[in-house]
Asks: 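Sending over a structure as structure tokens; questions will come in a sec.
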Amino acid sequence: MGSTSDQHGNGGVDRRTLIKRSAALGIAAVPAAGLLSACASGDSGSDDKVKKGTKSKDNPLAVNAGAALSVVIFDGGFGTKYATDANAQYKKAFPKAKVSFHATQKIQSELQPKFNGGTPPDLIDNSGAEQMDMGVLVGKKQLTDLTPLLDAPSIDDPNKKVRDTLRPGIVEMGQFDGDPVWIMYYAYTVYGVWYSQTALDKLDAQYPEDWDAMLALCAKAKKKGIAGWTYAGKYPYYLPFSLYPFIAKIGGREVLDKIDNLEPNAWKDPAVKAAFEAYYELFKKGYILKGTPGIDHIQSQTEWAKGKALFIPNGSWVENESAKVIPKDFNLQVGAPTGLDSSDKMPFGTIWASGGEPFIVPAKAANAEGGMEQLRIMLSEASSKNFTSQVKSLSAFNGGTDGIELTPGLKSGVAALEKAGDNVVNPRLQDWYVKLQKEQIGVAGLGEMMAGRLTPAEAIKKIQGYADAAAKDQSIKHYKHQ
């Protein structure tokens, strides 16, 4: 999330005390912290590295042309064809290399024994519900610094480094503490509130820019037998895809930075209270699709695509992941979070967008150069166009859309980024503290609140307690915005 990172309005003062918002989902099953820590703790096992090859114009990373390469890809919303296509280019460049390619949704449980045994794959797409804790991996020095890849010449222009071909913020996202870059986020995800323009047209409605308008539209939909919202009830950490930028819109991006930094009382900020209360109002007024807390991401997306709910918080992968159930006349759109009122500190259009689909090269990878070369191939314009045309999402490559007929959702995402301009936020909790974000804030906090089992005040108190415990936990590495 990764990432699902998946992440990707204004209002008035009196509204702030009446209704604010808080989003979340139901109950989720994610790997226990102990497993994640164990996954990154092993220093035993083989430390065999293949000999480097000869560095040349065509082989700037000095890949051993005959060395085996092992790649593991998360088989999720983007599928795996984009990766196998790029893998075919690697085989073409190094025909003597034996390449193993494995797709799975069980990243953590399948790779834990390999990390512990010192025999991890050479390249991993560390994504999905079983994503390994990136903060733990970095903190325990289990990853290879990708700076050589970033400083290598790009596939398309030898006079331009790979780092100079990437979208703004991609390199920084891979940094946790200083200059080394531990992660290459391959997708560029737009998070927000996804909806059918066709459905809004049938209600003679526009996407709401303030919370009064949101509630009015949900009330109008309810009279027609349509829910206002649904979400991945079993994976409540999807709801922050719209909730976090909503908090930033109300109180400014510094509120999210304080939350990321685990600062004392960060969750007690008035902007958080406002946001939680607003989202809780969706529950209180019966604007959430019945049964939502008990359904997963696929089920919620299917119900939404069938027109049973207007809005769903998600990332731009939803267009590809739900392609089989989205009607042809759906006219998929993404909206930045609806604002609270006119006192919001950031303008309507403020949105969460950031790198997604995190690729890593383990520190104990036998063929780290090969893993980085595979990424260099993936970051070419041809591979980027292939990715975008196949999965309906932007890549980390800054471009790659020329000549491609953009789908409705992708076109809407590009338009949302243009509208946002500099008002793009990028919360880091999902990268820095996976257990805190998914199990505690998501499931135990937001999920319980949106199911009606916690009030906003109770949810905030509970989440602040989790954040305080994480801040005091000396067994984990802590990170801060620079």
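Computation of the quantities below employed the complete heavy-atom set of this structure, encompassing side-chain atoms and omitting hydrogens, waters and symmetry-equivalent molecules. Source: prediction; values computed, not measured.
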Asks: Quick check: does any side chain N or O of S316 sit under 3.5 Å from a backbone N or O of V190, one acting as donor and the other as acceptor?
Replies: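 Side chain of S316 to backbone of V190: a pair is present.
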
Asks: Y186 and Y82: side-chain contact (heavy atoms from CB on, under 4.5 Å), yes or no, with the steps?
Replies: CA-CA 11 Å; Y186 186 65; Y82 76 94; 4.0 Å; yes

Asks: Given the rule in the side-chain contact (heavy atoms from CB on, under 4.5 Å) test, do V193 and F241 qualify, once you have shown the distances and angles that lead to the verdict?
Replies: CA-CA 8 Å; V193 180; F241 297 156; over 6 Å; no

Asks: Do the non-hydrogen side-chain atoms of Q440 and Y237 ever get within less than 4.5 Å of each other?
Replies: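 Q440 vs Y237: side chains apart.
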
Asks: Is the shortest heavy-atom distance from the side chain of F359 to the side chain of M378 under 4.5 Å?
Replies: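 The answer is yes; the side chains approach within 4.5 Å.
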
Asks: Please evaluate residues W432 and M134 with respect to the criterion side-chain contact (heavy atoms from CB on, under 4.5 Å), reporting the C-alpha separation (whole Å), side-chain torsions for both, the decisive distance (0.1 Å), and the verdict.
Replies: CA-CA 6 Å; W432 292 350; M134 223 76 76; over 6 Å; no

Asks: Keeping E110 on the side-chain end and I107 on the backbone end, is there a donor-acceptor pair under 3.5 Å?
Replies: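 Not confirmed, E110 side chain does not pair with I107 backbone.
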
Asks: Does a donor on one side chain and an acceptor on the other come within less than 3.5 Å for Q390 and N386?
Replies: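 Yes, N386 and Q390 have a side-chain donor paired with an acceptor closer than 3.5 Å.
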
Asks: Could you check whether K81 pairs with D85 (Lys NZ or Arg NE/NH1/NH2 to Asp/Glu carboxylate O, under 4.0 Å)?
Replies: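 Salt bridge: yes.
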
Asks: What's the spacing between T165 OG1 and N398 CG if we round to 0.5 Å?
Replies: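 One finds 8.0 Å between OG1 of T165 and CG of N398.
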
Asks: Find the distance between OG1 (T401) and CG (L410) and round it off to the nearest 0.5 Å.
Replies: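 One finds 8.0 Å between OG1 of T401 and CG of L410.
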
Asks: Using 0.5 Å steps for rounding, measure from the CD atom of E172 to the CG atom of L166.
Replies: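 Taking CD in E172 and CG in L166, the distance rounds to 9.5 Å.
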
Asks: Using modelled atom types only, decide if a donor and an acceptor are shared between the side chain of Y188 and the backbone of R167 within a distance under 3.5 Å.
Replies: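 Checking the backbone N and O of R167 against the side chain of Y188, no donor-acceptor pair under 3.5 Å is found.
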
Asks: Can we say E277 and K273 salt-bridge, meaning some charged N sits less than 4.0 Å from an Asp/Glu carboxylate O?
Replies: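 Looking at E277 and K273, the cut-off is met.
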
Asks: Is it true that R453 and E448 make a salt bridge, defined as a side-chain N closer than 4.0 Å to a carboxylate O?
Replies: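 Salt bridge flag = yes for E448 with R453.
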
Asks: After noting the C-alpha distance and the side-chain angles of V391 and W317, does the key distance pass the side-chain contact (heavy atoms from CB on, under 4.5 Å) rule?
Replies: CA-CA 7 Å; V391 309; W317 62 79; over 6 Å; no

Asks: With side-chain hydrogen bond (donor to acceptor under 3.5 Å, both in side chains) as the criterion, how do E319 and T407 come out once you've worked through the C-alpha distance, each side chain's angles and the decisive distance to 0.1 Å?
Replies: CA-CA 9 Å; E319 186 168 23; T407 55; 3.0 Å; yes

Asks: If you measure only the distance, is there a donor-acceptor pair under 3.5 Å linking the side chains of D260 and Y244?
Replies: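 No, no side-chain donor-acceptor contact under 3.5 Å.
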
Asks: Is the number of heavy atoms from other residues, nucleotides or ligands under 6.0 Å of K106 NZ greater than 12?
Replies: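 No - once you tally the heavy atoms of other residues, nucleotides and ligands closer than 6.0 Å, there are 12 at most.
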
Asks: What is the distance from atom CG of D156 to atom OG of S384, rounded to the nearest 0.5 Å?
Replies: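 Reported to 0.5 Å precision, the distance equals 9.5 Å.
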
Asks: Any side-chain to backbone donor/acceptor pair from S196 onto F330? Under 3.5 Å, distance only.
Replies: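 Side chain of S196 to backbone of F330: a pair is present.
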
Asks: Looking at the rings of Y238 and Y231, which for Trp means the six-membered one, are their centres under 6.0 Å apart?
Replies: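 Not under 6.0 Å, so no.
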
Asks: Indicate whether the side chain of H481 and that of N261 have a donor and an acceptor atom separated by less than 3.5 Å.
Replies: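 Result is no, nothing qualifies.
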
Asks: Could you tell me whether a side-chain N or O of R428 sits under 3.5 Å from a main-chain N or O of M173, the two making a donor and an acceptor?
Replies: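 Confirmed, R428 side chain pairs with M173 backbone.
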
Asks: Got L143 and V361 here, is their nearest side-chain heavy-atom distance under 4.5 Å?
Replies: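 No, too far: nothing below the 4.5 Å cut-off.
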
Asks: What distance do K392 atom NZ and L332 atom CG have between them, rounded to the nearest 0.5 Å?
Replies: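 The CG atom of L332 is 10.5 Å from NZ of K392, to the nearest 0.5 Å.
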
Asks: Residues two or more places apart in sequence or in another chain: which of them pass ring-ring contact (aromatic ring centres under 6.0 Å, His included) with F283?
Replies: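 By the ring-ring contact (aromatic ring centres under 6.0 Å, His included) rule, F283 matches Y280.
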
Asks: Can you name the nearest heavy-atom pair linking P337 to T350, along with the distance?
Replies: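 Here P337 and T350 meet closest at CD-O, 3.1 Å.
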
Asks: Would you indicate whether the side-chain heavy atoms of L243 and L446 approach each other to under 4.5 Å?
Replies: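 A side-chain contact exists here, since the closest heavy-atom pair is under 4.5 Å.
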
Asks: For the pair F348 and Y207, name the ring-plane relationship: parallel under 30°, tilted 30 to 60°, perpendicular over 60°.
Replies: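 F348 and Y207: tilted rings.
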
Asks: Roughly how far apart are H297 NE2 and I312 CD1, rounded to 0.5 Å?
Replies: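 H297 NE2 to I312 CD1: 10.0 Å, rounded to 0.5 Å.
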
Asks: State whether a side-chain donor-acceptor pair under 3.5 Å links N314 with Q301.
Replies: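 Yes, a side-chain donor-acceptor pair sits under 3.5 Å.
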
Asks: For the residue pair T292 / T230, report whether a side-chain donor-acceptor contact shorter than 3.5 Å exists.
Replies: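 Yes, T292 and T230 have a side-chain donor paired with an acceptor closer than 3.5 Å.
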
Asks: If we ignore hydrogens and angles and just use 3.5 Å, is the side chain of S300 paired with the main-chain N or O of D296 as donor and acceptor?
Replies: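 Between the backbone of D296 and the side chain of S300 there is a qualifying donor-acceptor contact (under 3.5 Å).
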
Asks: Within a strict 4.5 Å, meaning less than it, do heavy atoms of the Q131 and K438 side chains meet?
Replies: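 The answer is yes; the side chains approach within 4.5 Å.
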
Asks: Is the shortest heavy-atom distance from the side chain of I73 to the side chain of I124 under 4.5 Å?
Replies: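 No. Closest side-chain heavy atoms not under 4.5 Å.
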
Asks: Assess whether atom CG of D204 is packed by more than 12 heavy atoms of other residues, nucleotides or ligands within 6.0 Å.
Replies: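 At most 12 heavy atoms, drawn from other residues, nucleotides or ligands, come within 6.0 Å of this atom.
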
Asks: Would you say D210's side chain and L340's backbone share a donor-acceptor pair under 3.5 angstrom?
Replies: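 Here the side-chain-to-backbone pair does not exist.
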
Asks: If we only count heavy atoms from C-beta on, is the L215 to C218 side-chain gap below 4.5 Å?
Replies: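 No. Closest side-chain heavy atoms not under 4.5 Å.
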
Asks: State whether the side chain of N126 and the backbone N or O of M132 hold a donor-acceptor pair below 3.5 Å, judged by distance alone.
Replies: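 Yes.
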
Asks: Dump the intermediate steps for side-chain hydrogen bond (donor to acceptor under 3.5 Å, both in side chains) on Q464 and N265, then the final yes or no.
Replies: CA-CA 7 Å; Q464 185 63 63; N265 298 318; 5.2 Å; no

Asks: Compute whether any side-chain donor of one residue and acceptor of the other, for Q333 and N331, lie under 3.5 angstrom apart.
Replies: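 Distance-only check passes for Q333 and N331.
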
Asks: Would you check if K480 and D177 make a side-chain contact, meaning some heavy-atom pair closer than 4.5 Å?
Replies: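 Counting from C-beta outward, K480 and D177 never come under 4.5 Å.
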
Asks: Any donor-acceptor pair under 3.5 Å linking the side chain of S127 with the backbone of E357?
Replies: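 No; zero donor-acceptor contacts below 3.5 Å.
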
Asks: Name all residues meeting the ring-ring contact (aromatic ring centres under 6.0 Å, His included) criterion together with Y433; count only those two or more places apart in sequence or in a different chain, and write none if there are none.
Replies: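 Here no residue qualifies.
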
Asks: Is the distance from the ring center of F78 to that of F387 below 6.0 Å?
Replies: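 Yes, close enough.
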
Asks: When the side chains of residues 302-310 are checked against the rest of the protein, which donor-acceptor pairs come out under 3.5 Å, sequence neighbours left out?
Replies:
unit_1	atom_1	unit_2	atom_2	d
T302	OG1	I298	O	2.8
E303	OE1	K308	NZ	3.1
W304	NE1	W194	O	3.3
W304	NE1	L310	O	3.3

Asks: Is it the case that atom CD in Q206 sees more than 12 heavy atoms from other parts of the structure closer than 6.0 Å?
Replies: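 For Q206, atom CD is not crowded (no more than 12 foreign heavy atoms under 6.0 Å).
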
Asks: Before accepting this row, confirm whether a basic side-chain N of the pair K385/E381 lies closer than 4.0 Å to the acidic partner's carboxylate O.
Replies: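 So K385 pairs with E381 through a salt bridge.
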
Asks: Would you say K290's side chain and A227's backbone share a donor-acceptor pair under 3.5 angstrom?
Replies: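 Judged by distance alone, no pair lies under 3.5 Å.
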
